[in-house]
Amino acid sequence: MSTPDHSQATALRTHLCGQLRPADIGSTVSVTGWVGRRREHGEHLAFVDLRDYSGIVQCVINDDIDVRSEYVLRITGVVRKRPEGTINDALPTGQVEIGDCEVEILRKAVPPPFPIDARADDVDENIRLQYRYLDLRRERMQRNLRVRSTVNAAIRQSMDQQGFVEVETPMLVPSTPEGAREFLVPSRKEQGSFYALPQSPQLFKQLLMVGGVDRYYQIARCLRDEDLRADRQYEFMQLDMEMSFVEQDDVLDAVSRSVLGAVEAVTGEQIDEIERITWHEAMNRFGVDKPDLRFGMELVELTDVFANTEFKAFAGATGEGGAIKGIRVPGGAGEYGRNQLDKLTDRAKSLGAKGLVWLKIVDGAGAAGLDSPVAKFFSDAEADEVRARTGGDAGDLVLIVADEWMTTCEVLGQLRNDLGRPPVHEGPYRFVWVVDFPLFVGVDRESGRPKPGHHPFTMPHPDDIGLLESEPLRVRSKAYDLVLNGWELGSGSIRIHEPELQRQVFQALGISDEEAERKFGFFLNPFEYGAPPHGGFAYGLDRLVAILAGEENIREIIAYPKTQSGADPLTNSPLPVDAKVLEELGIRVLPRVD
RNA sequence: GGUCCCGUGGUGAAGUCUGGAGUUCACGCCGGCCUGUCAAGCCGGAGGUCGCGGGUUCAAAUCCCGUCGGGACCGCCA
């Protein structure tokens, strides 16, 4: 991470606590901070660890002074080498200490509810959030906030260098029927009317392209009233961008630069290029559209192996639309007992598979070399081929699913993640662009029409436009996701900028001209005045920062996050408001219905 | 809307399955001793609505029902 090159000395301090080194020996310094631990040895000797964000320095106090945990102090004294045998290698400042200390108590403090150090990692998160201002004093949180700040700065620098213009878009926007549930804001002047908080600046950024801005970006706050998760908050930040007169490669290039610039700024690691795979390949090999490339256990194609199988559970999946695939769990034969294998089977079923076949590979060739309830249904040739394709050795476990192609991929992809995925702080940063997403995903149960995969303004793949009417589900799109270590960082697309193609896509979606005008007119009519070809992207800063900080949960890299139920234990929000306030807004709250 | 896990002095845990006195451990806190410690050490002390409500029982932290709070996940997040 970058460190500021100017001194952070102030009227009250000459140095930061964590900065002092043997080179400072002999200097008279003033440091400020909080009392960490103190070690008293009677009236005439006490050690106080003074802490600021930069670290800890030991101060030697020879007076009888009452200084307690988390008191705010200013200490002035002389930096000196620690006596022989008392050097603390665990501290960056451990070679030195501050002696001849004059102590000024800037503010007394009551004892904190939990220790302000790594032990608070184990404290109930609700309590950490209730006292977030204390939690934030800890090294971990200070580091996380600074990773975040570094990422923001690096992104701004990269976007600026690439000629992007930072434009702010409104927080009070019209409510739109599509997409995520919105937070509503009542209008005081027009009672009964509402603004919404933006789930993203989508409309405004595309209109900036119509407005000739050419390259827009914003570190944008987005708000969605959907259920919270480890990687989802009501409010989150996105690097949002849009470019004019571009093809897909131009967008991927620009985004790659910014995200890789952020990685380098935080870790010093240089990544030259982000690899790409198609959505179809991602599903085939990893069973998810956000593959974690840090580990193997890829899905192995087995459909043709069982083309003429006697095994009924597999025979049904060898035809059109079906697929049989397996994954190898190295060393899994010994690791997974009958009980756990039953649990894996239940898991597969709950994910939508009809069942799960497991094979433990033992010594010997042919079906006899497999330990499995279904081995007796396998021919020797089939058994040998499964071993060859999966690369399975004695002691390995092979899991096989036979189902519709999509189900087979998804179930095994989930099992692959369940069984093999490393924790977030492990391994390299494996970015991947997933391109050629299908334009439509699945079919709406009510209307029978295909549903848009990204949004209805996404450019279909030029080679597939002819299939829009005949086989819409096979149409690929110019939509793409950026994935890092199995986390979806963000997505984007080339947009449709001319009306005829937009009409065709609406038609495939079953949206009439009237409905299109009613729902999207406010958005598309401006295009009539000359929309340039354009495309864009947005990626989640919280997720990127969490991964770079090695945190599993984005709450750890947000100063004031909400709990899973959407509450803030620090402020107790959300809270009821005075009847007067509601009256002014023309709002009446209905009694709770349970 | 659903599934699963958790809730015990300020903090973290054990105790809950198999009911028997608010029992235990570590940290913190308060007081005392202590001149080279560094998650200092030694001695002493205080601190509790076992989340809340109801039920079963002679007896409930423990069993049952409900509820609140926290977490993980499914749905949801075009």
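Excluded from the calculations below are hydrogen atoms, water molecules and symmetry mates; all remaining heavy atoms, backbone and side chain alike, are included. Convention: sequence-line order gives letters A, B, ...; per-chain numbering from 1.
B:rU16 is unpaired under the criterion used here, namely a Watson-Crick or G-U wobble arrangement in which both key atom distances are under 3.5 Å. Under the Watson-Crick and G-U wobble criteria, each requiring two contacts below 3.5 Å, nucleotide B:rC63 is paired to B:rG55. Searching all strands for a Watson-Crick or G-U wobble partner of B:rC50 with both distances below 3.5 Å returns nothing. Pairing for B:rA39 is absent, with no Watson-Crick or G-U wobble pair whose two atom distances lie under 3.5 Å. With both pairing distances under 3.5 Å, B:rA21 is matched to nothing as a Watson-Crick or G-U wobble pair. The partner of B:rC30 is B:rG44, judged by Watson-Crick or G-U wobble contacts that both fall below 3.5 Å. Across all strands shown, nothing is found opposite B:rC76 as a Watson-Crick or G-U wobble partner with both distances under 3.5 Å.
For A:Asp121, the salt bridge (Lys or Arg N to Asp or Glu O under 4.0 Å) partners two or more places apart in sequence, or in a different chain, are A:Arg138, A:Arg140. Annotation: side-chain hydrogen bond (donor to acceptor under 3.5 Å, both in side chains) contacts of A:Asp481 (sequence neighbours excluded): none. The salt bridge (Lys or Arg N to Asp or Glu O under 4.0 Å) test applied to A:Glu410 returns no partner, not counting sequence neighbours. A:Asp292 is linked by a side-chain hydrogen bond (donor to acceptor under 3.5 Å, both in side chains) to A:Arg294, A:Arg421, counting only residues two or more places apart in sequence or in another chain. Residues meeting the side-chain hydrogen bond (donor to acceptor under 3.5 Å, both in side chains) test with A:Arg232, sequence neighbours left out: none. Considering only residues two or more places apart in sequence or on other chains, A:Asp66 meets the side-chain hydrogen bond (donor to acceptor under 3.5 Å, both in side chains) condition with A:Arg68. Residues satisfying the salt bridge (Lys or Arg N to Asp or Glu O under 4.0 Å) criterion with A:Arg181, sequence neighbours excluded, are A:Glu226.
Rounded to whole Å, the C1' atom of B:rC17 lies 15 Å from the corresponding atom of B:rC64. B:rG15 and B:rA60 have their C1' atoms separated by 14 Å, with the value rounded to a whole Å. Atom name P, nucleotides B:rU8 and B:rC73: the rounded distance is 23 Å, in whole Å. The C1' atoms of B:rC42 and B:rG53 are separated by 47 Å, rounded to the nearest whole Å. Between B:rC77 and B:rC5, the distance separating the two P atoms is 28 Å to the nearest Å. One C1' atom belongs to B:rA14, the other to B:rG7, and the distance between them is 15 Å to the nearest Å. B:rU16 and B:rG10 have their C1' atoms separated by 24 Å, with the value rounded to a whole Å. The gap from the C1' atom of B:rG55 to that of B:rG9 amounts to 28 Å, rounded to the nearest Å.
In this structure, A:Ile87 atom CD1 and B:rG36 atom P are separated by 17 Å, rounded to whole Å. Rounded to a whole Å, the CG atom of A:Asp418 is 10 Å from the P atom of B:rC74. Rounding to whole angstrom units, CZ of residue A:Phe47 and C1' of B:rG41 are separated by 13 Å. The CG-P distance, from A:Asp117 to B:rG28, rounds to 10 Å in whole Å. A:Arg229 has its CZ atom 7 Å from the P atom of B:rG75, to the nearest Å.
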**Request:** Starting at the 5' end of nucleotides 8-13 of chain B, put B wherever the base has a protein heavy atom under 4.0 Å, S where only the sugar-phosphate does, and a dash everywhere else.
**Result:** --SSS-
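For the segment residues 196-209 of chain A, no residue has any heavy atom less than 4.0 angstrom from an atom of RNA chain B. Within a heavy-atom distance below 4.0 Å of RNA chain B, the residues of residues 68-84 of chain A found are A:Arg68, A:Ser69, A:Arg80, A:Arg82, A:Pro83.
The residue A:Glu43 sits apart from the nucleic acid: no heavy atom pair falls under 4.0 Å. Residue contacts shown for A:Arg347 are absent, as no nucleic acid heavy atom lies under 4.0 Å away. The residue A:Thr86 sits close to a base: some heavy atom pair falls under 4.0 Å. As judged by a 4.0 angstrom heavy-atom cut-off over every strand, A:Asn126 is placed among residues touching the sugar-phosphate backbone only. Among the protein residues, A:Asn553 comes within range of the sugar-phosphate backbone only, with heavy atoms under 4.0 Å from sugar or phosphate atoms but none that close to a base. Counting any heavy atom pair closer than 4.0 Å across all strands shown, A:Glu97 reaches a base atom. Base engagement by A:Arg232 is indicated by at least one non-hydrogen atom pair under 4.0 Å involving a base atom. Note on A:Ala230: only backbone sugar-phosphate atoms sit closer than 4.0 angstrom, heavy atoms only; bases stay farther off.
With respect to the salt-bridge test (charged N to carboxylate O, under 4.0 angstrom), the residues A:Arg74 and A:Glu102 do not qualify. Between A:Arg128 and A:Glu556 there is a salt bridge, since a side-chain N of the basic residue sits under 4.0 Å from a carboxylate O of the acidic one. The pair A:Glu97-A:Lys81 does not meet the salt-bridge criterion, since no charged nitrogen lies less than 4.0 angstrom from a carboxylate oxygen. In summary, A:Arg21 and A:Asp24 do not engage in a salt bridge, as defined by a charged side-chain N under 4.0 Å from a carboxylate O. The pair A:Glu125-A:Arg555 meets the salt-bridge criterion, since a charged nitrogen lies less than 4.0 angstrom from a carboxylate oxygen. Between A:Asp403 and A:Lys354 there is a salt bridge, since a side-chain N of the basic residue sits under 4.0 Å from a carboxylate O of the acidic one. No salt bridge links A:Arg543 with A:Glu488; every basic N to acidic carboxylate O contact stays at or beyond 4.0 Å.
Residue pairs that meet the side chain to side chain donor-acceptor pair (under 3.5 Å) test with at least one member in residues 86-95 of chain A, sequence neighbours left out, do not exist here.
Ring-base stacking between A:His41 and B:rA40 is satisfied, the centre separation being under 5.5 Å and the plane angle under 30°.
The salt bridge (Lys or Arg N to Asp or Glu O under 4.0 Å) test with A:Asp464 singles out one residue from A:Lys478, A:Arg474, A:Arg476, and that residue is A:Arg476.
Where A:Gly453 and A:Thr563 each meet RNA chain B at their nearest nucleotide, the meeting point lying more 5' is that of A:Thr563.
For B:rA40, the OP1/OP2 oxygens have a side-chain nitrogen or oxygen of A:Arg39 closer than 4.0 Å.
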Contacts under 3.5 Å, N or O only, protein and nucleotides 4-6 of chain B:
none

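Judged by the 6.0 Å and 45° rule, A:Arg143 forms no cation-pi pair with A:Tyr53.
Candidate nucleotides B:rC73, B:rC34, B:rA72 were compared by shortest atom distance to the side chain of A:Glu40, and B:rC34 ranks first.
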